[in-house]
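The first residue in the sequence is number 1, and the count goes up from there. As a basis for the values below, the full set of heavy atoms in this structure was taken, side chains included, without hydrogen atoms, waters or symmetry mates.
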Amino acid sequence: MLGNQPFKTGTQGHELRFVERTFRMNSERCWRLGLIVSELITNAERHAFRNGGGSIRVELLPSLSFVECRVTDNGTAEANARPGHGLKIVEALAKSLGGTIDQRFGPHGATAVLIFPADMDTSERLA
């Protein structure tokens with residue numbers, strides 16, 4: 001894990017920072033979480049930083065019963081932004097984890113908050 005160390009991405013000077021606390025989750029749920037985070041980071045890279053560099057922060061905040069994952073950026077989003085195929089996939093993956101995702105876009109950045117149960121059998125959610 002990168003911990004709380006910044007990681008420069010691309011050639012535009014984007015900074016990616018991971019803030020995490022150690023916890024255990026099964027591999028099925030872990031790869032779903034990884035896909036969600038990857039898509040949210042990709043969206044920030046593509047849409048939030050049209051005018052140069054910026055920062056993306058990924059926070060993983062587990063508790064006894066829930067895990068909260070926040071992906072924030074300090075870019076600018078269009079006021080009339082509409083969800084594309086990627087965000088529909090993110091919503092489906094969040095649902096498969098038994099969770100919800102809330103996304104907010106504004107002139108000073110975007111925030112996506114995923115909340116899902118800390119322990120759940122994902123095979124129950126695929127039906």
Side-chain angles (χ1 to χ4, degrees):
M1 283 249 168
L2 295 173
N4 198 14
Q5 301 300 314
F7 174 75
K8 299 286 185 187
T9 65
T11 59
Q12 298 291 325
H14 301 151
E15 181 180 89
L16 179 60
R17 184 176 297 267
F18 289 94
V19 179
E20 41 76 32
R21 290 188 215 148
T22 303
F23 73 103
R24 293 190 183 273
M25 76 186 307
N26 73 39
S27 60
E28 177 85 16
R29 293 168 50 95
C30 187
W31 75 258
R32 291 169 194 265
L33 175 60
L35 287 173
I36 292 168
V37 170
S38 176
E39 182 62 29
L40 294 172
I41 291 170
T42 299
N43 283 348
E45 285 274 350
R46 286 185 184 160
H47 304 292
F49 304 122
R50 290 192 173 97
N51 300 325
S55 66
I56 302 167
R57 181 178 175 103
V58 179
E59 296 177 88
L60 216 49
L61 307 165
S63 69
L64 290 176
S65 55
F66 288 94
V67 176
E68 180 177 322
C69 178
R70 291 180 171 265
V71 178
T72 58
D73 68 62
N74 65 350
T76 56
E78 294 180 17
N80 61 352
R82 293 182 308 183
H85 295 296
L87 292 181
K88 290 177 183 177
I89 292 169
V90 165
E91 289 172 353
L93 286 166
K95 185 177 179 183
S96 76
L97 289 172
T100 60
I101 187 154
D102 180 46
Q103 299 182 0
R104 310 268 175 177
F105 303 93
H108 303 292
T111 300
V113 179
L114 168 67
I115 298 175
F116 60 95
D119 190 23
M120 186 186 101
D121 181 6
T122 51
S123 64
E124 297 170 8
R125 285 292 187 193
L126 296 177

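Taking every heavy atom of both residues into account, Pro117 and Gly98 meet most closely at CD-O, 3.3 Å. Of all non-hydrogen atoms in Phe116 and Leu33, the two that sit nearest each other are CE2-CD1, 4.1 Å. Between Ala118 and Ser63, the closest heavy-atom pair is CB-O, 4.1 Å.
Residues meeting the side chain to side chain contact (heavy atoms under 4.5 Å, CB included) test with Ile89, sequence neighbours left out: Leu93. With sequence neighbours excluded, no residue forms a side chain to side chain donor-acceptor pair (under 3.5 Å) with Glu59. Applying the salt bridge (charged side-chain N to carboxylate O under 4.0 Å, His left out) rule to Arg46 yields no partners; only residues at least two apart in sequence or on another chain are considered. For Asp73, the side chain to side chain contact (heavy atoms under 4.5 Å, CB included) partners are Ala44, Ala48, Phe49, Ile56, Ala110, not counting sequence neighbours.
Between Ile101 and Leu40, some side-chain heavy-atom pair lies under the 4.5 Å cut-off. No side-chain heavy atom of Leu60 sits less than 4.5 Å from a side-chain heavy atom of Val37. Looking only at side-chain heavy atoms (C-beta outward), Ile36 and Cys69 stay at 4.5 Å or farther from each other. Within the 4.5 Å cutoff, side-chain heavy atoms of Asn43 are placed close to those of Glu39. Here the side chains of Val58 and Thr72 are not in contact, with every heavy-atom distance at 4.5 Å or above.
Taking Ile, Leu, Val, Met, Phe, Trp and Tyr as hydrophobic and joining them when side-chain heavy atoms fall under 4.5 Å apart, one finds Leu61 isolated, its cluster having no other members. Listed by chain and number, the hydrophobic cluster partners of Val113 are Phe66, Ile115, where partners are ILVMFWY side chains within reach of under 4.5 Å, directly or through others.
Once rounded to the nearest 0.5 Å, the distance linking CG of Asp119 with CE of Met25 reads 9.5 Å. The structure places OG of Ser38 at 12.5 Å from CH2 of Trp31, a figure rounded to the nearest 0.5 Å.
Residue pairs that meet the salt bridge (Lys or Arg N to Asp or Glu O under 4.0 Å) test with at least one member in residues 105-117, sequence neighbours left out, do not exist here. Within the structure, side-chain hydrogen bond (donor to acceptor under 3.5 Å, both in side chains) contacts touching residues 101-116 (residues at least two apart or in different chains) are Asp102-Arg104.
Taking 4.0 Å as the cut-off between side-chain N and carboxylate O, Glu28 and Arg32 count as a salt-bridged pair.
Judged by distance alone, the side chain of Asn74 and the main-chain N or O of Ser55 form a donor-acceptor pair under 3.5 Å.
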